[in-house]
Amino acid sequence: QVQLVESGGGLVQAGDSLRLSCAASGGTFGGYAMGWFRQAPGKEREFVAGISLSGGRAGLLNSVNGRFTITRDNAKNTAYLQMNNLEPEDTADYYCAAVQVRSPITNLMRVYTSPRDYDYWGQGTQVTVSS
């Protein structure tokens, strides 16, 4: 069973950058596709970014495309979300998630975008962007 711990959130001004980290333990990190979701007060949790098992493919929410980048470092068992040019609309709790890929050869490049796809979740880290 994988444990996920996010870090790197905080209070920043519009236009600033943050890098969120998601440290995984208790499992084989290379066997999981990873994702980042966010949830603002009064809103549903939404997909922000996902990266495939191989790291060779990534998917992003349209509104963050060109500003956010998701990466993974399998040697460090860590996934990252680099967030540049932050906007007040990015204010939310950000959650890291992992999905154990059952057919890795078939799904080597698959990016998972639904919260229902994911097996494990971190506790979240808060990002607040002031205008």
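Because the structure is a prediction, the values reported are computed rather than measured.
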Are [X] and [Y] joined in one hydrophobic group, where the rule is that I, L, V, M, F, W and Y side chains link up if heavy atoms are under 4.5 Å apart?
X   : Y    : value
F29 : L108 : no
V48 : Y112 : no
L86 : Y80  : no
L53 : V2   : no

At what distance, to the nearest 0.5 angstrom, does [atom1] of [X] lie from [atom2] of [Y]?
X    : Y    : atom1 : atom2 : value
Q82  : S17  : CD    : OG    : 6.0 Å
L61  : T113 : CG    : OG1   : 10.5 Å
S130 : D16  : OG    : CG    : 8.0 Å
N77  : T28  : CG    : OG1   : 8.5 Å

Heavy-atom side-chain contact between R38 and V127 under 4.5 Å: no

Close side-chain approach of Q3 and Q1, heavy atoms under 4.5 Å: yes

Using a 3.5 Å distance criterion without hydrogens, assess whether the side chain of [X] forms a donor-acceptor pair with backbone atoms of [Y].
X    : Y    : answer
R67  : S63  : yes
E6   : Q123 : yes
R110 : A33  : no
T91  : V129 : yes

Which atom of [X] lies closest to which atom of [Y], heavy atoms considered:
X    : Y    : result
M109 : S54  : SD-OG, 3.2 Å
L81  : A49  : CD1-CB, 3.9 Å
L4   : M34  : CD2-CE, 4.2 Å
Y32  : V101 : C-CG2, 4.5 Å
D119 : Q100 : OD2-N, 2.8 Å
R57  : V111 : O-CG2, 3.6 Å

message: Name the residue from Y94, F37, Y95, Y118 that meets the ring pair (Phe, Tyr, Trp, His ring centres under 6.0 Å) definition with F47.
response: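 Output: one option passes, namely F37.
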
